[in-house]
Amino acid sequence: MYNHLEIEKKWQNYWDENKSFEAVNGSTKPKYYILIEFPYPSGTGLHIGHPRSYTALDSLARKRRMQGYNVLFPMGWDAFGLPAENYAIKNKIHPKEAVKENIGTFKNQLKNLGISFDWSREFATTDPEYYKWTQWQFLKFYEHGLAYKDKKAINWCVSCKVGLSNEEVERGHCERCGGEVVKKEKEQWMLKMRSYADKLIEGLDETDFIDRVKTAQINWIGKSEGAEIKFSIDGTNDNLVVFTTRPDTIYGVTFMVIAPEHPILEKLKDKITNYDEVIDYQIEASKKSEFERIEISKEKTGVKLEGINAINPITNEKIPVYISDYVMMGYGTGSIMAVPAHDGRDYEFARKFNIPIIEVIKGGNIEKEAYIGDGEMVNSDILNGITNKKEAIEKINSHLENLGIGKKTVNYRLQDWVFSRQRFWGEPIPMIYCDDCGWVPVPESDLPVLLPDVAEYEPTDNGESPLANIPEWYTVPCPKCGKSARRETDTMPNWAGSSWYWLRYMDPHNKDEFVSREALEYWGKVDWYNGGMEHATRHLLYARFWHRFLYDIGLVPTKEPFSIRTAHGMVLGEDGEKISKSKGNGINPNEIVSEYGADTLRLYEMFMGDYEIDTAWSTNGLKGCRRFLDKLWRIQEKVVDGASFSPNLEVSIHKTIKKVSDDIENMKYNTAISALMTLLNEYEKQNSITKADLRVFITLLNPIAPHITEEINELQSLGESLCESSWPVHDESKTIEDTFEMVVQVNGKVRGKVKMPTNVSNKEMEECALSIDNIKKYVEGKDIVKLIVIPNKLVNIVIK
RNA sequence: GCCAGUGUGGCGGAAUUGGUAGACGCGCCAGACUCAAAAUCUGGUGGUGGCAACAUCAUGUCGGUUCAAGUCCGACCACUGGUACCA
């Protein structure tokens, strides 16, 4: 048994005092930038899941340093956000006080884990010196026309009283509080992320993100190619433009549907004879929350617009127009051409409202259901007889284009980023509204726009930010004309500060620029970025958009911010369930560290399973890891002088160097550790081991269990401290055993095993295989059809 | 519905990418040490049959390819996460 409390503190102090992990800008060593998502410093401290990703990337950082890299492995705090604000409301203290306290707790916990962060670069997104530059970058978006204010029906969380982006809504509920989300018309600052949709898709080619992250992003952006087609309204000059991915089915259009909120209704109200009914339906639809619209209304509802008809531009037939909430204003054009024969929703609607159904693709039975498969085109004039969908679409597209009634277009699921939050604890949006000049940006020299020190942080009931209650804060002279004007009182979303933080780490104390050009050029891309899967369509998308914009305006030298992106699995409770307060299945990292030591916790979290996959916590498993470290501690009794490996350990050592080196690169820490366990078991069987044997072992283990390995290194005087040593390199020729166990199969079943010298000829293997008693038993009296020999592995005898 | 992931002993999980299924760890059983316990050490440990050698079954299910399949192909089932009247 060793005293982990003493040893771990000792080495943590050593690293601090020696600045062992500080990165140097402009060093001649090759650079390597490792990043983990900085945490939100909550009041409850570190979660047992945090050390999993932190240790993994810490191990990589420590290995890279030993491999001679100038490693940047920074840490900071994503400290704006609702929890701090809610805490402040409850306890009547300024959120910045709560944040300060929580950061202290977190930092202390991280230090106790021995994570090799470069603390000299630490900052929080709530530091005015930092958010000054977040505001500055917002002004750049504004300057380049990518930030605009618009009145839009946005997602509104009823209980937080705050607008949310699409990315923040989960199944119709607020992702933070779980409260109901409704649509609400509100003036919002928006960032034109949609115009970056293609760049965000293409940019993925320049990254090494794991596939499931790439797929999640591509799906979220939701690119869909199709056509816009103009349908005129009979007897008017008005048109309805629809978006469709299947223009080839246009001959099957028997009605149109428009969203209840569609602006054309207002325009046509004099022609619509049942306008009262329309209004009733609109009111009904607006009362439904997004959630209800999806979950409850399986049954199609709608109202026919009496008194008007649309004209199918290709057949010139009159078709009815309906409003229905199954068509959304927010996607496409808010109106569709309905092809009931070949679309499930249109089919349902047509059945309910007794609308004719025209088959245009052969292959299904339209009496029973809509047919969505491929087939021969029928009832389609110029398209008749075509069986290839692509061909049909191309033909009709060019036909429509020639007639001037349609054109190819692309639609995206991705929306512009709703960038306003009606909250106190966020970066103030640096804009001023003047009655005469309109929106005027705050001059750069006036940045940062600081948050005021006040006592009340409650949002107002009319949906305004708490800042709207503070006239002495928001009343300012217009920067343009000097007249009294009003600051924007909304603040930025929580995602703003995390959309460029990796850049600031490169040059965190710069007072003149958000980051210097030299630092940007030197550090380039983040080489390896790790974070949770839950951020694949949120933070990671915002961050890439933001960075790409900075690239486009020449502020950063790389198109994409991150090269490798990995995602860790969650640590589940001992019961296999997601850890939550209500289940009471939480594990306190502080207790684990003080009882078993940081090395044990680190080792266990790396050993518990595949890094990418969720795994249940097991205190017994943890104890097993401590047992391994105790064994390592005891192995010191066997050490004798010796500068080379023990001859009977040499092969195992070289194999282990290779295995551990490869496994760390591939995030397969669990098998790296099991290889080390196997090697230690071998060491234990020896009467003595050399200093070289021990030194290489603790060097390989050091990235994962840095404290105990440094201590043993010092106690046994094995060499300079491990954090200043080099990573061992294996000798391939020494990884080969001189014997192997030959497996002998008969018809693919293992029937015998025998030890053979490595690299014997195929012939010798065959002969030896056939001489085994148990094999003879099977082979006797049978014909040998084939003999398959895999050198240094097996012989398979195929008999008949 | 669609997209992604997962499915292997009592448990967490391995399997060199088509070549000994179950590495390593946990748990359990037996033994050693001890007055005793803990700790530690040694041995055993997928099921079934057998004293044993060995045989046989076994990687969610069913089928296929192959000398050989956890791994490849085809159908399906279950769970988890994401997403959704997306036209």
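Below, read A as the first sequence line, B as the second, and so on, with proteins coming before strands; counting in each chain starts at 1. None of the values given here were measured: they were computed from a predicted structure.
- Atom CG of A:Asp346 is separated from atom C1' of B:rC85 by 10 Å (rounded to the nearest Å).
- Taking 4.0 angstrom as the limit, A:Asn219 places none of its side-chain polar atoms (N or O) nearer than this to OP1 or OP2 of B:rA84.
- With a 3.5 Å ceiling on both atom-pair distances, the Watson-Crick or G-U wobble partner of B:rC54 is B:rG49.
- Within 6.0 Å of NZ on A:Lys638 lie more than 12 heavy atoms contributed by other residues, nucleotides or ligands.
- No engagement by A:Asp343 is indicated, since no non-hydrogen atom pair under 4.0 Å with the nucleic acid exists.
- On the C1' atoms, B:rA53 is 32 Å away from B:rU71, given to the nearest whole Å.
- A:Arg627 places its CZ atom 7 Å from the P atom of B:rA39, with the value rounded to the nearest Å.
- Contact of A:Lys623 with B:rC26 (side chain to base): no donor-acceptor pair of N or O atoms is detected under 3.5 Å.
- By the rule that a glycosidic angle within 90° of 0 means syn, B:rU40 does not qualify and counts as anti.
- Among the atoms of the strands shown, none is found under 4.0 Å from any heavy atom of A:Ser618.
- Here the separation of B:rA21 from B:rA55, taken at their P atoms, is 12 Å to the nearest Å.
- B:rU16 and B:rG7 have their P atoms separated by 14 Å, given to the nearest Å.
- Going from atom CG of A:Leu572 over to atom C1' of B:rU80 covers 10 Å, rounded to whole Å.
- A cation-pi arrangement, defined by a distance under 6.0 Å to the six-membered ring centre and an angle within 45 degrees of its axis, is absent between A:Arg538 and A:Trp495.
- Checking B:rG22 for Watson-Crick or G-U wobble geometry (two distances, each under 3.5 Å) identifies no partner in any strand.
- The residue among A:Asp630 and A:Lys749 whose nearest nucleotide of RNA chain B lies closer to the 5′ end is A:Asp630.
- Among A:Arg627, A:Arg634, A:Arg626, the single residue meeting the side chain to side chain donor-acceptor pair (under 3.5 Å) criterion with A:Asp630 is A:Arg626.
- Going from atom CG of A:Leu676 over to atom P of B:rA23 covers 18 Å, rounded to whole Å.
- Taking the ring centroids of A:Phe607 and A:Phe628, they lie at or beyond the 6.0 Å cut-off.
- One can place CZ of A:Arg626 at 14 Å from P of B:rA39, the figure rounded to the nearest angstrom.
- Under 4.0 angstrom from either OP1 or OP2 of B:rA39 there lies no side-chain N or O belonging to A:Arg634.
- Distance CE/A:Met608 to CG/A:Leu603: 12.0 Å, rounded to 0.5 Å.
- Taking the P atoms as reference points, B:rG70 lies 10 Å from B:rG60, given to the whole Å.
- Both A:Tyr412 and A:Asn620 lie close to RNA chain B; mapped to their nearest nucleotides by heavy-atom distance, the more 5′-ward contact belongs to A:Asn620.
- Using N1 to N3 plus N6-O4 or O6-N4 for Watson-Crick, or N1-O2 and O6-N3 for G-U wobble, each under 3.5 Å, B:rA4 pairs with B:rU80.
- Taking a pair to require two hydrogen-bonding distances under 3.5 Å in either a Watson-Crick or a G-U wobble arrangement, B:rA87 remains unpaired.
- Nucleotide B:rU40 forms a Watson-Crick or G-U wobble pair with B:rA32, both donor-acceptor distances falling under 3.5 Å.
- Separating the P atom of B:rC11 from that of B:rU66 is a span of 36 Å, rounded to the nearest Å.
- Contact annotation for A:Gly624: backbone-only contact, meaning every heavy-atom pair under 4.0 Å involves sugar-phosphate atoms and none involves a base.
- Looking at A:Glu228 and A:Lys408, no side-chain N of the basic residue comes within less than 4.0 Å of a carboxylate O on the acidic one, giving no salt bridge.
- Rounding to the nearest 0.5 Å places CD of A:Gln636 at 8.5 Å from CD1 of A:Ile698.
- A gap of 23 Å separates the C1' atoms of B:rG44 and B:rU34, to the nearest Å.
- Across all strands shown, B:rG64 is found opposite B:rC72 as a Watson-Crick or G-U wobble partner, with both distances under 3.5 Å.
- Rounded to a whole angstrom, the distance from the P atom of B:rU80 to that of B:rG10 is 22 Å.
- Spacing between atom NZ of A:Lys631 and atom P of B:rC41 amounts to 6 Å, rounded to whole angstrom units.
- Nucleotide B:rC41 holds its P atom 10 Å from the NZ atom of A:Lys638, rounded to whole Å.
- Base pairing of B:rU16 is not made with any nucleotide, judged by Watson-Crick or G-U wobble geometry with both donor-acceptor distances under 3.5 Å.
- A syn orientation is assigned to B:rG9, its glycosidic angle lying within 90° of 0.
- The NZ-P distance, from A:Lys300 to B:rA87, rounds to 14 Å in whole Å.
- Applying the 4.0 Å criterion to OP1 and OP2 of B:rC54, one finds that A:Arg751 has every side-chain N and O outside that range.
- Ring geometry for A:Phe697 against A:Tyr683 counts as tilted: the plane angle lies between 30° and 60°, on a 0 to 90° scale.
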*asked:* How would you summarise protein contacts on nucleotides 11-22 of chain B per nucleotide, using B for base, S for sugar-phosphate only and - for none, with heavy-atom distances below 4.0 Å?
replied: -BSSSB--BBS-

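- More than 12 heavy atoms of other residues, nucleotides or ligands shown are found within 6.0 angstrom of CD1 on A:Ile736.
- In this structure, of B:rA84, B:rA87, B:rA55, it is B:rA87 that holds the atom nearest to the side chain of A:Ile336.
- A 3.5 Å limit on both hydrogen-bonding distances identifies no Watson-Crick or G-U partner for B:rG9.
- Separating the P atom of B:rG31 from that of B:rA36 is a span of 13 Å, rounded to the nearest Å.
- Look at A:Arg345 and you won't find any side-chain N or O under 4.0 angstrom from OP1 or OP2 of B:rA87.
- A:Lys223 NZ: more than 12 foreign heavy atoms inside a 6.0 Å radius.
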